[in-house]
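Only one structure is covered here, and it is reproduced in the block below.
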2 protein chains.
Amino acid sequence: MSTAWTALADPTRRTIVERLAARDHTAGELGAGLRISQPAVSKHLRVLREAELVTVEPLGQRRIYRLRPEALDEIDDWAREVRDFWRQRLDALDTEIARGRRDTHPAQPTERTDDEP
Amino acid sequence: MSTAWTALADPTRRTIVERLAARDHTAGELGAGLRISQPAVSKHLRVLREAELVTVEPLGQRRIYRLRPEALDEIDDWAREVRDFWRQRLDALDTEIARGRRDTHPAQPTERTDDEP
DNA sequence: TTAATCTATCACTTGCCAGTTATATAACTA
DNA sequence: TAGTTATATAACTGGCAAGTGATAGATTAA
């Protein structure tokens, strides 16, 4: 079972997700235009299913794939969190500067402390 | 050269980015607590550099790593775009429904059209 | 200078992943 | 019914990516 990150790391799967954002597609429709074999498409769809980025509904012999955009939350929640941390960091730095310290780099390998994060 | 997507697909590298969001770190600090060898850390940092997610500044024998949060744009621009498409799709569907059509599934494998996207 | 420290690179191994062909299963069509 | 179509799975291959230990290069400490 894969995560949204690993599922979306693959450009082919991102293409599939982009198409599904516009409308639902059958597996065959998704395969058309993707210069890879039908089984390869099927495997990409499996990965997207397991990452819960898409759902499937059988319609006769076809399978209708539909995007589940909530699954993208994992991605941009993370990105937002990282940015928030970054902003806090900047704010803290500004505060220190305002206080008149000249302690510019937060990195601060603190003289002789041995490598602890 | 790797993209932000492939760089962030790896959980170890996401951890590194999270730490760098809070403050700058030396390579050694980042390695501490990451139960992998020093060369492994160095390679992760190289990937992050090549994806331009981080910058480095030498300070004596150490290397100070700093996050470049702009590189995250690639990620959430994509996510936002996908969501926007999805929303347009929903809006279009609502419109059709408002018009009284009963043409529910946009997938529409249109009877006998052969697989074109 | 010599020794120790920090980081990167080299050479190599291993495991996973995307691709393939062949085949199975199910649902339509004639 | 038999034949075709749509999709998934099985079995395999090749390449790449992440791990390792060994080593190089540069800086700091003695």
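Numbered from 1 within each chain, the chains take letters A, B, ... in sequence-line order. Basis for what follows: all heavy atoms, side chains included, without hydrogens, waters or symmetry-related copies.
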(request) Report yes if a side-chain nitrogen or oxygen of B:Tyr65 is closer than 4.0 Å to either non-bridging phosphate oxygen (OP1 or OP2) of C:dA8; otherwise report no. (result)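 Checking C:dA8 against B:Tyr65, a side-chain N or O does come within under 4.0 Å of OP1 or OP2.
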
What's the [atom1]-[atom2] distance between [X] and [N], to the nearest Å?
| X | N | atom1 | atom2 | result |
| --- | --- | --- | --- | --- |
| A:Leu48 | D:dT7 | CG | C1' | 16 Å |
| B:Arg13 | D:dA17 | CZ | C1' | 8 Å |
| B:Glu57 | D:dT27 | CD | C1' | 16 Å |
| A:Leu45 | D:dT9 | CG | P | 11 Å |
| B:Ile64 | C:dT7 | CD1 | P | 9 Å |
| B:Leu34 | C:dT7 | CG | C1' | 15 Å |
| A:Arg62 | D:dT7 | CZ | P | 6 Å |
| A:Asp10 | C:dC16 | CG | C1' | 13 Å |

(message) Using a 3.5 Å distance criterion without hydrogens, assess whether the side chain of A:Thr26 forms a donor-acceptor pair with backbone atoms of A:Glu29.
(response)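 Flag set: sc A:Thr26 to bb A:Glu29 pair under 3.5 Å.
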
(request) Return yes if some donor-acceptor pair links the side-chain N/O of A:Asp76 with the main-chain N/O of A:Ala79 below 3.5 Å, else return no. (result)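 Between the backbone of A:Ala79 and the side chain of A:Asp76 there is no qualifying donor-acceptor contact (under 3.5 Å).
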
(request) Would you mind listing every ring pair (Phe, Tyr, Trp, His ring centres under 6.0 Å) that reaches into residues 26-65 of chain A, with sequence neighbours excluded? (result)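 Qualifying pairs: none.
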
(message) Heavy-atom nearest nucleotide on DNA chain C for A:Gly60 versus A:His44: which residue maps closer to 5'?
(response)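 By nearest-heavy-atom nucleotide position, the 5'-most residue is A:His44.
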
Close side-chain approach of [X] and [Y], heavy atoms under 4.5 Å:
| X | Y | answer |
| --- | --- | --- |
| B:Glu18 | A:Phe85 | no |
| B:Leu20 | B:His25 | yes |
| A:Leu67 | A:Thr55 | no |

(message) Measuring from the side chain of A:Ser42 (C-beta onward, heavy atoms only), which nucleotide among D:dA18, C:dA18, D:dT7 has the closest atom?
(response)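 The answer is D:dT7, which lies nearest to the side chain.
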
(request) Between D:dG19, D:dT9, D:dA8, spot the one nearest the side chain of B:Thr12, thanks. (result)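 Nearest nucleotide to the side chain: D:dG19.
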
(request) Please round to the nearest 0.5 Å and tell me the distance separating atom NZ of A:Lys43 and atom CG of A:Asp10. (result)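 So the NZ of A:Lys43 and the CG of A:Asp10 are separated by 11.5 Å.
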
(message) Salt bridge or not between B:Asp84 and B:Arg89? Use side-chain N to carboxylate O under 4.0 Å.
(response)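 Result for this pair is no, no salt bridge flagged.
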
(message) Using C1' atoms of five pairs at each end, report the bend of the helix from C:dT1-D:dA30 to C:dA30-D:dT1 rounded to 10 degrees.
(response)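 Here the local axes at opposite ends form an angle of 10°.
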
At a cut-off of 3.5 Å, list every protein nitrogen or oxygen paired with a nitrogen or oxygen from nucleotides 20-26 of chain D, distance to 0.1 Å.
unit_1 : atom_1 : unit_2  : atom_2 : d
D:dT20 : OP2    : B:Ser37 : N      : 2.8
D:dT20 : OP2    : B:Ser37 : OG     : 2.7

(request) Check step by step if side-chain contact (heavy atoms from CB on, under 4.5 Å) holds for B:Asp91 and B:Trp86. (result) CA-CA 9 Å; B:Asp91 291 349; B:Trp86 178 264; over 6 Å; no

